[in-house]
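The next block holds one structure in the form of structure tokens; read it before the comments.
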Amino acid sequence: MFAAESDFRVFGSATNWADAAQARRSDVVIVDLSIPRVVDAGALRALTRVCAPARVIVLTSGLDDSQITDALRFGVHGIVGNTDTAQLLFECVRVVAAGQYWVERDILAIRDLADRLGVAISSTADAPRRSPFGLTRRELQIVSLLIAGHANKAIADKCGIRERTVKQHLTNMFDKIGVSNRLELALFALQERLVVPDSAVRPARPRSR
């Protein structure tokens, strides 16, 4: 089904943990939650780590709100009903591959996820903290654009830098703050009022020759 779509490339399938580790080569991994050993929270957390940096989408016959919350906290990027249409699944994969989140037929912005996960967000009128955990001005700009829902390429375009530079800044922020993924970084930034206004995001000055 995926192979018939021109913008998808299928790397393969796996039925065990050893084979699942090969998923690191891909952008997205789709997991059927009816498979034994994947339904419990511990196994799901382990799976997202094994597959990283690939983003995980789960197919499920139905999760309650607490299970959805747990799945998102464990690093799942997409949740799709196994009775949904192929077109919805395709759309979910494209959304997740672009760095966004998909839950029950909806694209979720970071702020929507924060609300769903019960994260307290400070008023946007509050000024950012003066000691932003060692983050540079550029890193604050990048995390603010991340929260606004931009993928790495769009962030790079807005900041006037290369996409690989954005990825390096994100890795540096993970290390400084002690988080392991983009969602954790964004939620932390919201809690700690590290968001800068759009007007503060300026492209990098071109290098003199």
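Worth knowing before you read on, the calculation uses all heavy atoms, side chains too, and leaves out hydrogens, waters and symmetry mates. One-based numbering along the sequence shown.
- Classification of the Tyr101-His77 ring pair by plane angle, with boundaries at 30° and 60°, yields parallel.
- Considering every non-hydrogen atom in both Ala71 and Ile79, the closest pair reads CB-CD1, 4.2 Å.
- Ala151 and Ala98 make their closest contact through CB-O, 2.9 Å (heavy atoms, listed as atom of the first residue, atom of the second, distance).
- Distance check, rounded to the nearest 0.5 Å: OG1 of Thr171 to CZ of Phe174 gives 6.0 Å.
- With rounding to the nearest 0.5 Å, the separation of CG in Asn152 from CZ in Arg164 is 14.0 Å.
- With rounding to the nearest 0.5 angstrom, the CE atom of Met1 is 9.0 Å from the CZ atom of Phe8.
- In terms of the salt bridge (charged side-chain N to carboxylate O under 4.0 Å, His left out) criterion, Arg162 has no residue partners (sequence neighbours excluded).
- Using a 4.5 Å heavy-atom threshold, the side chains of Phe133 and Met173 count as separate.
- A distance of 3.5 Å separates CD1 of Ile57 from SG of Cys92, quoted to the nearest 0.5 Å.
- Considering every non-hydrogen atom in both Ser26 and Ala54, the closest pair reads O-CB, 3.3 Å.
- The shortest distance between side-chain heavy atoms of Thr165 and Arg138 does not fall below 4.5 Å.
- Side-chain atoms of Thr48 and Val76, non-hydrogen and from C-beta on, do get closer than 4.5 Å to each other.
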Handout entry: Cys159/Leu145 under side-chain contact (heavy atoms from CB on, under 4.5 Å): CA gap, chis, key distance, verdict
Key = CA-CA 9 Å; Cys159 293; Leu145 290 169; 3.6 Å; yes
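- Put simply, Phe11 and Phe2 are part of two different groups of oily side chains (I, L, V, M, F, W, Y) that touch within less than 4.5 Å, one to the next.
- Between Asn172 and the options Gln168, Lys176, His169, a side chain to side chain donor-acceptor pair (under 3.5 Å) holds for only Gln168.
- Across all their heavy atoms, Gly81 and Leu59 have their closest contact at O-CD2, 4.5 Å.
- Shortest non-hydrogen contact noted between Leu194 and Val143 is O-CG1, 4.3 Å.
- Contact annotation: the side chain of Ile161 approaches that of Ile142 to within less than 4.5 Å [non-hydrogen atoms, C-beta and beyond].
- Two residues are said to be in side-chain contact when any heavy atoms from C-beta on lie closer than 4.5 Å; Ile30 and Val93 meet this criterion.
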Exercise for the section: Might you work through the side-chain contact (heavy atoms from CB on, under 4.5 Å) test for Ile177 and Leu185, ending with a clear yes or no? Expected result: CA-CA 8 Å; Ile177 295 175; Leu185 172 63; 3.5 Å; yes
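- Shown here for Leu140 and Ser144, the closest heavy-atom pair between the two residues is O-OG, 2.8 Å.
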